[in-house]
2 protein chains.
Amino acid sequence: MPTIKDIAKSLGVSVSTVSMALNDSPEIGQKTKAKIREAAKAMNYIKNGTALDLQRKKTNIVLLITDNPTRPYFTDSLQVIQSELLKHNMDLVIIAATNKHTATAERFISENRADAIICMSKFITDEIVNDYASRNMPIIVMGRTPDLITNPFVVNVALDYERVGEDITDYLIQKGHRKIAFVRGSKTSVGSNYRYQGYLRSLKRFHLDLNKTIIFEAGGNGYDHGYDIADKIIGKITDASVDAVFFATDDLAVGGLRKFLEHGIRVPEDVSIVGYNNYPISKMVMPPITTVDLHQQKIMKRIAVTLIDLLEGNKTKAEVLKKLHKGNILYSEIIERGSVINRN
Amino acid sequence: MPTIKDIAKSLGVSVSTVSMALNDSPEIGQKTKAKIREAAKAMNYIKNGTALDLQRKKTNIVLLITDNPTRPYFTDSLQVIQSELLKHNMDLVIIAATNKHTATAERFISENRADAIICMSKFITDEIVNDYASRNMPIIVMGRTPDLITNPFVVNVALDYERVGEDITDYLIQKGHRKIAFVRGSKTSVGSNYRYQGYLRSLKRFHLDLNKTIIFEAGGNGYDHGYDIADKIIGKITDASVDAVFFATDDLAVGGLRKFLEHGIRVPEDVSIVGYNNYPISKMVMPPITTVDLHQQKIMKRIAVTLIDLLEGNKTKAEVLKKLHKGNILYSEIIERGSVINRN
DNA sequence: TTGTAGGCGTTATCAA
DNA sequence: TTGATAACGCCTACAA
């Protein structure tokens, strides 16, 4: 790999001349520039970004850590963030941190390989986040327990976890359902657990007894998990101990629906079902599934803006937080479709 | 940000002592080590990965460039690649290069910010790939035109484009269909275009006339695109000028299916449909959709292994290619499900 | 066991 | 208009 030093040597000029020429500095004469550019091309010179970063003390990189890039909307969220960052000449790079692999993400965090980090993965611990966030590398996390965030350079974006799960349970109850099963998703899914808590609160508020025999663990968030767990729900439907099923995610609901239909169970006549997240697929199946939209896109946009504020350094954390939570965007909305019947 | 130099100064030792201590070198005494570590923690010292890379002349990063991380299987493919790379202490980072944003990916390529690159995005041009691939940074691309790959450090992974689209069209014809509509996806989708070519070849081989009025452009690959374009297909079904529809992707098929069912068109009795890719959703809808599996996972695994070969530098490109194509893995397979009827 | 010095590739400052 | 040199933060011979 040739460096500017090599170019300089081969042309009998100095490195600084080469550097300036390659960066099109006005201080260098046209002929020298041309000569240098030619040599660079001929020698197959490629600039070394690492050296650049070291010199600049800045990477221009915003790191997005996710646990699952396949999630619907992720690409859209990306676009939102990217277009916002682009305005400030920042590049977005993604690292997957899953239950079985967090080392890469942790290396990037602990070696300061970004100017800022958006951490959407629950597999990166609060400890790491607190340990490494700094003025030079603020970290934005989502939906963590506020008490555990002690580092002032960590900004926690509160999600609508207070109401999450309650809204849609209320809705089912108001539509006359009294025997609402709940299907939990992946054990490690924060969202799924919060929804379960909301479900419990809603039951309590309406003075409905919790029936533990109609709480199910799917062990994952995918179609297959919903499909498989539905086997255990079918009996409960046919003997009338379940009149509605609240699946923790739309994907689970899609899988469950499929199994129900296979067994001749009519949705919503025999059983109402709801999902969560308003994934695109939820309106494509028959019947389309009633679900909850969390308005992720809007959250993402706001996160990007927050990040910029942080980076430009013209805001204190308090101000940033205030702006972040201003406006009524962190709410969820029930999307009514055909998978719920009115039993009143 | 404190550096080892600061630590050294504050403790009155030399930088190399600090460096070695922090890296747990056996040459440093226990008490000095302890003292230094303590100081590092106290000063909130964070290692600078950029400086490290520069020194090592190596980033340990493999860059994966994708056009759409939301695609099903992507996360799984990631796991496959990651676990393979992990064995060699390489980290995988992802950058999205879409039709509206390639700058980030291009910067990473042109500034040599990775030890190797896997480029799955068609938005990165052959020119860039040819310009920047080198011994220090080989690039693996997928499904490009071999003639246009001139740089010996670019490895093109041929996909099964020869047969793609032909297999499933043959299948429909053998099942007695004669009026097969084709729904193209996103204009820029390489896969979609190849499948269309395969469809044409198959028709020709069976001496069936091409009916241009039953070729449709969905303008995208998502559920919605399939749902919308289906409007135009319905008339053709009811007046019996279409007896089967070949959707370029499963997602299109899912959307189309939905629209057909809404309009009382029975699948497969009134019209057979097939998709492509064997996405998980294709077997979750009713009826489940007959499709083609491209065995992406296996391809990914092989790509990862190829990459390692390349990086370890103990193989020539010819050897690598030979090994890459050995074994019969780059084939596609028809997955028969309920969306096709036998009309013979 | 610890310190000195040089180098990784680039840019920036200052001098020529 | 160009050149010499220091600096960015780290590691590694080699010397002490």
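Because the structure is predicted, anything quoted here is derived from the model rather than measured. The analysis underlying the following values was restricted to heavy atoms, covering all of them including side chains, and did not include hydrogens, waters or symmetry mates.
Picking from C:dT10, D:dA4, D:dT1 the nucleotide with the shortest atom distance to the side chain of A:L52 gives C:dT10. When the nucleotides D:dA7, C:dT4, D:dG9 are ranked by their closest atom to the side chain of A:Q55, D:dA7 comes out on top. Ranking D:dA13, D:dT5, D:dG9 by closeness to the B:S16 side chain, first place goes to D:dA13. Taking the side chain of A:I4 as heavy atoms from C-beta on, and the options C:dT11, C:dG9, D:dC8, the nearest nucleotide is C:dT11.
Judged by distance alone, the side chains of B:T102 and B:E106 do bring a donor and an acceptor atom under 3.5 Å apart.
Atoms OG and CG, on A:S134 and A:N112 in that order, are 5.5 Å from each other to the nearest 0.5 Å.
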Practice prompt. Begin from the C-alpha positions of B:I140 and B:L307 and carry the test side chain to side chain contact (heavy atoms under 4.5 Å, CB included) through to its verdict.
Written response: CA-CA 8 Å; B:I140 295 191; B:L307 198 62; 3.6 Å; yes
Worksheet item: Yes or no on side chain to side chain contact (heavy atoms under 4.5 Å, CB included) for A:F108 and B:V93, after CA distance, side-chain angles and deciding distance?
Response: CA-CA 10 Å; A:F108 267 68; B:V93 329; 3.7 Å; yes
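Between B:A51 and A:K47, the residue anchored nearer the 5' end of DNA chain C, judged by the nucleotide with its closest heavy atom, is B:A51. Taking for each of A:I46 and B:S14 the nucleotide of DNA chain C with the nearest heavy atom, the 5'-most of the two is the partner of B:S14.
Applying the 4.0 Å criterion to OP1 and OP2 of D:dC8, one finds that A:K58 has every side-chain N and O outside that range. Under 4.0 angstrom from either OP1 or OP2 of C:dC8 there lies at least one side-chain N or O belonging to A:K5. Taking 4.0 angstrom as the limit, A:T3 places none of its side-chain polar atoms (N or O) nearer than this to OP1 or OP2 of C:dC8. In this model, the phosphate group of D:dT2 is not approached by any side-chain N or O of A:T17 to a distance below 4.0 Å at OP1 or OP2.
B:I36 has its CD1 atom 11 Å from the C1' atom of C:dT1, to the nearest Å. Look at CD on A:E27: it is 12 Å from C1' on C:dT11, rounded to the nearest Å. Rounded to whole angstrom, the span from the NZ atom of B:K9 across to the P atom of C:dG3 amounts to 15 Å. As rounded to whole Å, 14 Å separates atom P of C:dT11 from atom CG of A:N60. The separation between A:L54 atom CG and D:dA6 atom C1' is 13 Å, rounded to whole Å. For the pair A:D24 CG and D:dT1 P, the interatomic distance rounds to 13 Å; values are reported in whole Å. Straight-line distance from the CE atom of B:M20 to the C1' atom of D:dC10: 13 Å, rounded to whole Å. Here C:dC8 presents its P atom at 7 Å from NZ of B:K57, a figure rounded to the nearest Å.
Looking at B:K47 and B:N23, their side chains come closer than 4.5 Å, going by heavy atoms from C-beta outward.
Salt bridge B:R37/B:D24: present, at least one basic N to carboxylate O contact under 4.0 Å.
B:N23 comes within 4.0 angstrom of sugar-phosphate atoms only, judged by non-hydrogen atoms across all strands, and of no base. At a threshold of 4.0 angstrom between heavy atoms, the contacts of A:S19 include nucleobase atoms, whether or not backbone atoms are also involved. In this structure, A:G12 reaches the sugar-phosphate backbone alone: every heavy-atom distance under 4.0 Å involves primed, P, OP1 or OP2 atoms, never a base. Note on B:T50: nothing from the nucleic acid sits closer than 4.0 angstrom, heavy atoms only.
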